[in-house]
Amino acid sequence: MIPQAPKGTDDILPPASEGWRRLLRGFEDLAVRYGYGFTMTPLFEATELFSRGVGVETEVVEKQMYTFEDKGGRSITLRPEATASVVRAYLGSGTQGVFKGYYAGPMFRYEQPQSGRRRQFYQVGVEYLAEPSPDADVEVIEVGYRLLQQAGITEVTVRLNSIGDPADRAAYREALVAFLKDRADLLSDEARSRMSSNPLRVLDSKADASVVADAPAPLDAICEAAAAHFAGVVAGLQRRGIPYEISPRLVRGLDYYNRTVFEYVSAAYTAAQEALGGGGRYDPLAEMLGGPPVAAVGLAMGVDRIVLAMPKFPPGGPDVFVAVADPARREDAIGLVAALRDAGLWSEMDLGDRSLKAQFKVAGRRGSRLVAVVGDEWSEGLVTVRRMSDGEERPVAIEEVASWATNR
RNA sequence: GUGACCGUAGCUCAGGUGGUUAGAGCGCCAGGUUGUGGCCCUGGAGGUCGGGGGUUCGAGUCCCCUCGGUCACCCCA
């Protein structure tokens, strides 16, 4: 039997990979224009980074990590997300002050695969470090919004909430636990067990939605400073014309968040895993990792989901397909293809020994715009060029094929 | 981790109650056209019926296990 790709992983091949290519390219251009620098961190990290940074009580750390021991006896984990790594790298690099970085790459989470949820999945994201201004939150949210726009995804809205500062969360947590305790018999088993470990998570549980509907909201319990920050974010989004809706029940599954949390949804994408991206402010993270306090805000976009939601792109084709009419001219044809490529054109030929007819079939299937036939007329310095859309043909001087093709 | 459905050629699928050499369409390759695609015609290649075990004289078809897929829960990008 041929080995299969591991469960929950995907091979991304052409022509389907075209959407991925465009999205990744578009993201790089976008991030660079907003001033974020290319950032790469390891795909695997010491397990401790995630247990401390992401939080031991979170689902991600509790049961979704790919963790193994390496040959040196170290506990290693394939990264389930990139933010902790970027902050670790920042703290360890001696970098001072503001840092803006973007990243793109695969993440790993041991989960049951379904639509929009894979064991290896791709994220692109930005992190804006050492900038406490709510305008940094706004800029980060804007980057994600623009990415979705330029990917052709319509009806995008930003769901927005504030979960306050750590002290607010502690107080709120008590109030929420009290509320949940009164209704414990109505809750699902998971919700009950989560009451002690991570009660905020009960808020966005689908099974407990009706019970939680009139629970106190984090937004009502935040301190003055956090409320002012939130107001600043809202005002900024309005100024930037980014559509948002305040979602009092929105919380994030990772422990490091404070204040602003957000996610992107689109009416054009309606799988159960509906968030196309998400993020928030995570001022506590640097200290959780043992560093000095560093204000921070960032986002991660789910590339797999975005590609699912994107319009499909018709595959492109070669500008000039070179066909060999006389096998003795094969080397000349190879030379012509190389010359066309040097001239910046997409040029191909069939390297097998197929008949001219078969070569035309291949050319047609590949979506070639023009086919240049290398045959007897080569000795007169000519090739026959056929326009595939209407079949019109004409002789063209060999050295003029490139310029001729560029203008047609 | 839980549940439902599913797994036959490269792709989409047929294969009543188990019974001779497992089929179709599309795709692929070649030819019909001695230098030409998209339409048409002819021919061809291609399958350990996801894998393993069991029941049976006989299993693609029944049973068990396993791997994988899809969707949902959970959770998240």
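Below, chains carry the letters A, B, ... as their sequence lines are ordered, and counting in each starts from 1.
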Base, sugar-phosphate alone, or nothing: which one does [X] contact when heavy atoms must sit under 4.0 Å apart?
| X | value |
| --- | --- |
| A/Ile306 | nothing |
| A/Gly391 | base |
| A/Glu263 | nothing |
| A/Thr83 | nothing |
| A/Arg252 | sugar-phosphate |
| A/Leu276 | sugar-phosphate |
| A/Ala363 | nothing |

Would one find more than 12 heavy atoms of other residues, nucleotides or ligands at under 6.0 Å from atom [atom1] of [X]?
| X | atom1 | result |
| --- | --- | --- |
| A/Lys312 | NZ | yes |
| A/Asp353 | CG | no |
| A/Tyr110 | OH | no |
| A/Glu174 | CD | no |

[N] to [M] separation - [atom1] atoms, rounded to the nearest Å:
| N | M | atom1 | value |
| --- | --- | --- | --- |
| B/rC49 | B/rG44 | C1' | 23 Å |
| B/rG23 | B/rG15 | C1' | 7 Å |
| B/rG47 | B/rC39 | P | 27 Å |
| B/rU66 | B/rG3 | P | 12 Å |
| B/rC6 | B/rG10 | P | 23 Å |
| B/rA77 | B/rU36 | C1' | 50 Å |
| B/rG52 | B/rU48 | P | 11 Å |
| B/rG19 | B/rC28 | C1' | 34 Å |

Should A/Thr77 and A/Thr67 be marked as a side-chain hydrogen bond (donor to acceptor under 3.5 Å, both in side chains) after you check the CA-CA gap, both sets of side-chain angles, and the distance that decides it? CA-CA 4 Å; A/Thr77 295; A/Thr67 298; 2.9 Å; yes
Whole angstrom is fine here: how far is it from [atom1] in [X] over to [atom2] in [N]?
| X | N | atom1 | atom2 | answer |
| --- | --- | --- | --- | --- |
| A/Gln120 | B/rA77 | CD | C1' | 14 Å |
| A/Arg117 | B/rC74 | CZ | P | 10 Å |
| A/Leu250 | B/rC75 | CG | P | 14 Å |
| A/Leu370 | B/rG38 | CG | C1' | 16 Å |
| A/Arg109 | B/rC74 | CZ | P | 16 Å |
| A/Phe121 | B/rC75 | CZ | C1' | 11 Å |
| A/Leu13 | B/rC11 | CG | P | 13 Å |

Set of residues satisfying side-chain contact (heavy atoms from CB on, under 4.5 Å) with respect to A/Arg387, sequence neighbours excluded: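 Residues passing side-chain contact (heavy atoms from CB on, under 4.5 Å) with A/Arg387: A/Leu370, A/Ser389, A/Asp390, A/Glu392.
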Only stems of 3 or more consecutive Watson-Crick or G-U pairs count here, both distances under 3.5 Å; name the ones for RNA chain B, or none.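 Detected stem regions: B:1-7 with B:67-73, B:10-13 with B:23-26, B:28-32 with B:40-44, B:50-54 with B:62-66.
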Result block: side-chain N/O donor-acceptor pairs under 3.5 angstrom for residues 20-27 of chain A, not counting sequence neighbours:
residue, atom, partner, partner atom, Å
A/Arg21, NH1, A/Glu18, OE1, 2.8
A/Arg21, NH1, A/Glu18, OE2, 2.7
A/Arg22, NE, A/Glu18, OE2, 3.0

Under 3.5 Å, side-chain donor or acceptor atoms of residues 32-39 of chain A against the rest of the protein: list the pairs with distances, not counting sequence neighbours.
residue, atom, partner, partner atom, Å
A/Tyr34, OH, A/Glu142, OE2, 2.5
A/Tyr36, OH, A/Glu139, OE2, 2.7
A/Thr39, OG1, A/Gly37, O, 2.9

Both A/Asp208 and A/Ser368 contact RNA chain B. Which one's nearest nucleotide lies toward the 5' end?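 On the 5' side of the pair lies A/Ser368.
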Of A/Val202 and A/Tyr110, whose nearest nucleotide on RNA chain B comes first from the 5' end?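 Here A/Tyr110 is the residue nearer the 5' end.
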Would you say the rings of A/Tyr264 and A/Phe262 are close, in the sense that their centroids are separated by under 6.0 Å?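 Between A/Phe262 and A/Tyr264, the centre distance is under 6.0 Å.
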For B/rG37, take OP1 and OP2 only and decide whether either is under 4.0 Å from a side-chain N or O of A/Arg366.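 Checking A/Arg366 against B/rG37: no side-chain N or O falls below 4.0 Å of OP1 or OP2.
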Classify every nucleotide of nucleotides 66-71 of chain B by which part a protein heavy atom approaches to under 4.0 Å, writing B for the base, S for the sugar-phosphate alone and - for neither, in 5'-to-3' order. -SSSSS
Can you build the contact string for nucleotides 28-36 of chain B? Use B for base contact, S for sugar-phosphate-only contact, and - for no protein heavy atom under 4.0 Å. SSSSB--BB
Going by an N to O cut-off under 4.0 Å, is there a salt bridge joining [X] and [Y]?
| X | Y | answer |
| --- | --- | --- |
| A/Glu45 | A/Arg79 | no |
| A/Arg329 | A/Glu377 | no |
| A/Glu263 | A/Arg252 | yes |

Holding to salt bridge (charged side-chain N to carboxylate O under 4.0 Å, His left out), I want the full list of residues that pass it with A/Glu111, two or more places apart in sequence or in another chain.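 Counting only residues at least two positions away or on another chain, A/Glu111 forms a salt bridge (charged side-chain N to carboxylate O under 4.0 Å, His left out) with A/Arg117.
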Residues that A/Arg354 engages under salt bridge (charged side-chain N to carboxylate O under 4.0 Å, His left out), provided they are two or more places apart: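 Counting only residues at least two positions away or on another chain, A/Arg354 forms a salt bridge (charged side-chain N to carboxylate O under 4.0 Å, His left out) with A/Asp350.
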Under a 4.5 Å cut-off applied to non-hydrogen side-chain atoms, are A/Asp332 and A/Leu336 in contact?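 They are not in side-chain contact.
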Please tell me if the side chains of A/Phe360 and A/Met388 come closer than 4.5 Å, counting only heavy atoms from C-beta onward.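 The answer is yes; the side chains approach within 4.5 Å.
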Going by atom types only, do A/Glu127 and A/Tyr90 share a side-chain donor-acceptor pair under 3.5 Å?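 The answer is no; no qualifying pair exists.
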Could you check whether A/Thr260 and A/Asp137, counting side-chain N and O atoms only, form a donor-acceptor pair closer than 3.5 Å?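 Result is yes, a qualifying pair exists.
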Closer than 3.5 angstrom, by distance alone: can the side chain of A/Thr406 be matched with the main-chain N or O of A/Ala402 as a donor-acceptor pair?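 The answer is yes, because a donor-acceptor pair under 3.5 Å joins these two groups.
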Heavy atom of [range] under 4.0 Å from RNA chain B: which residues?
| range | result |
| --- | --- |
| residues 397-405 of chain A | none |
| residues 31-46 of chain A | none |
| residues 149-162 of chain A | none |

If you look at every heavy atom in A/Arg169 and A/Asp255, which pair is closest and at what distance?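 Taking A/Arg169 first and A/Asp255 second, the nearest heavy atoms are NH1-O, 3.5 Å.
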Of the candidate nucleotides B/rC75, B/rG1, B/rA77, which contains the atom at the shortest distance from the side chain of A/Gln273?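 Side chain of A/Gln273 sits closest to B/rC75.
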Please report, to 0.1 Å, the donor-acceptor pairs under 3.5 Å made by any side chain of residues 7-16 of chain A, with sequence neighbours excluded.
residue, atom, partner, partner atom, Å
A/Thr9, OG1, A/Pro6, O, 2.6
A/Asp10, OD1, A/Arg118, NH2, 3.1
A/Asp10, OD2, A/Arg118, NE, 2.8

